[in-house]
Protein chains: 2
Amino acid sequence: MHKKIMYILALRNQSIAMGNSKLYKGSLNTIILKLLEGTDKMYGYEITQKVKELTKGELTITEGALYPALHKLEAEGLLDVEMAKVDNRVRKYYKLTESGEKETVNRLSELEEYIRNMETLLNPKWSIE
Amino acid sequence: MHKKIMYILALRNQSIAMGNSKLYKGSLNTIILKLLEGTDKMYGYEITQKVKELTKGELTITEGALYPALHKLEAEGLLDVEMAKVDNRVRKYYKLTESGEKETVNRLSELEEYIRNMETLLNPKWSIE
DNA sequence: AAATAATACCTAAGAATTTTATGCATAAGA
DNA sequence: TCTTATGCATAAAATTCTTAGGTATTATTT
């Protein structure tokens, strides 16, 4: 029973953290796909750490968003899973399927187009008109 | 009764349109605020047209998203409304309040930070590591 | 030794924001 | 006269997150 109490009392450090910028909804899947495109295979926790590292702690992927997203990408056939046991702990490695690689290209160009459009809207070149 | 039937039968041209890139959730408010920052006052329909024009038809703001967003921004005290009648049709002109102008600055820098973070994640500088 | 932090997975309820699908009304154009 | 454009609006459904848990092992402090 001690353990149970400890779990409950244990302060969750989930988002006590730093000034993280918000994640605009819809971009998480693309982030996941892009990371996997560059690194062959990764597991969930690794993804959260990689994003934190690359953005210097500015962007945090919550696990509550990540794991359902991974499951969905797998269900859609874009990712394959492979279990591994490291130090008695289970890891689930994800990698792109063939169709996942194709889809990654699409999602990336979609996101890049969106960013271009946002920059068009935010850059006030047109306001001198 | 003829009219009623006509309304029902009338094909809505809402999104029959072109290859529009998706709107990532969370960015609409910032778009609205930014447009109003540059142009003093605008009405809803005008905003949809301006976004379409600036992005060359690539980004479409749906009315179902826009009007509730405008109402919410008004309720939050970021926008003021002013009615006008043009050609027997009503227009609702929105403009930034003082607090709206301040908030616009915050939202813009948030979005810019997000874009910087996304570019960091999408640019594969780190993959040669 | 005991407490805490880090690593590693998971889910469910709720919030926020959008799409889709309507409804209504006038003016302009084909 | 039919259709498109202009102009407002709302409601149901879908999507995608955040928040808040739960479980378990290993590493690090105290």
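As the structure is a prediction and not an experimental result, all values here were calculated from the model. Order of the sequence lines sets the chain letters (A, B, ...), proteins ahead of strands, with each chain counted from 1.
- Using a 3.5 Å distance cut-off with no hydrogens or angles, the side chains of B:Ser27 and A:Tyr114 do pair a donor with an acceptor.
- Residues B:Tyr93 and B:Arg91 bring a donor and an acceptor atom of their side chains to less than 3.5 Å of each other.
- The side chain of B:Lys25 approaches D:dT16 more closely than any other nucleotide in the set D:dA9, D:dT16, C:dC9.
- Considering only side-chain atoms of B:Arg89, the nucleotide from D:dT26, C:dT26, C:dT7 that sits closest is C:dT26.
- Residues from residues 67-78 of chain B that place a heavy atom under 4.0 Å from any atom of DNA chain D, listed by number: B:Tyr67, B:Pro68, B:His71.
- Two residues are said to be in side-chain contact when any heavy atoms from C-beta on lie closer than 4.5 Å; A:Tyr94 and A:Glu74 meet this criterion.
- We find that NZ of B:Lys50 is positioned 14 Å from P of D:dT6, with the value rounded to whole Å.
- Rounded to 10°, the angle separating the first-five-pair axis and the last-five-pair axis of the helix from C:dA1-D:dT30 to C:dA30-D:dT1 equals 20°.
- Heavy atoms of B:Thr48 sit nowhere under 4.0 angstrom from any nucleic acid atom.
- Between C:dT20, D:dT19, C:dC9, one nucleotide has an atom nearer to the side chain of A:Thr62 than all others, and that is D:dT19.
- B:Lys52 places its NZ atom 13 Å from the P atom of D:dG7, with the value rounded to the nearest Å.
- Going from atom NZ of A:Lys22 over to atom P of D:dT18 covers 10 Å, rounded to whole Å.
- Rounded to an integer number of Å, the gap from A:Tyr45 OH to D:dA24 C1' is 14 Å.
- By the 4.5 Å heavy-atom criterion applied to side chains, B:Thr60 and B:Val51 are not counted as neighbours.
- In this structure, A:Lys50 and A:Tyr45 have side chains that are not in contact, with every pair of non-hydrogen atoms separated by 4.5 Å or more.
- For D:dA9, one of the phosphate oxygens OP1 or OP2 lies less than 4.0 angstrom from a side-chain nitrogen or oxygen of B:Lys92.
- At distances below 3.5 Å, at least one donor-acceptor pair connects side-chain atoms of B:Glu46 with backbone N or O atoms of B:Tyr43.
- Going from atom CG of B:Leu66 over to atom P of C:dT19 covers 11 Å, rounded to whole Å.
- Comparing D:dA9, C:dT17, C:dC9 by their closest approach to the side chain of B:Asn29 singles out C:dT17.
- Both A:Val81 and A:Leu96 are part of a single hydrophobic cluster, where members link through side-chain heavy atoms under 4.5 Å apart.
- Checking D:dA9, C:dT7, D:dT26 against every side-chain atom of A:Asn88, the shortest atom distance belongs to D:dT26.
- Note that OH of B:Tyr67 is 8.5 Å distant from CD1 of B:Ile47, once rounded to the nearest 0.5 Å.
- Separating the CZ atom of A:Arg91 from the P atom of C:dA8 is a distance of 4 Å, rounded to the nearest angstrom.
- A straight line from CD of A:Glu63 to C1' of D:dT23 spans 12 Å, rounded to a whole angstrom.
- If you measure from atom OH of A:Tyr43 to atom C1' of C:dA6, you get 11 Å, rounded to the nearest angstrom.
- The backbone N or O of B:Gly77 lies less than 3.5 Å from a partner atom in the side chain of B:Thr97, making a donor-acceptor pair.
- Each of A:Tyr93 and B:Asp87 lies near DNA chain C, and the nucleotide nearest A:Tyr93 is the one positioned closer to the 5' end.
- Along DNA chain D, the nucleotide nearest A:Val86 and the nucleotide nearest A:Ile61 are compared for position; the residue whose nucleotide lies closer to the 5' end is A:Ile61.
- No side-chain heavy atom of A:Glu37 sits less than 4.5 Å from a side-chain heavy atom of A:Glu101.
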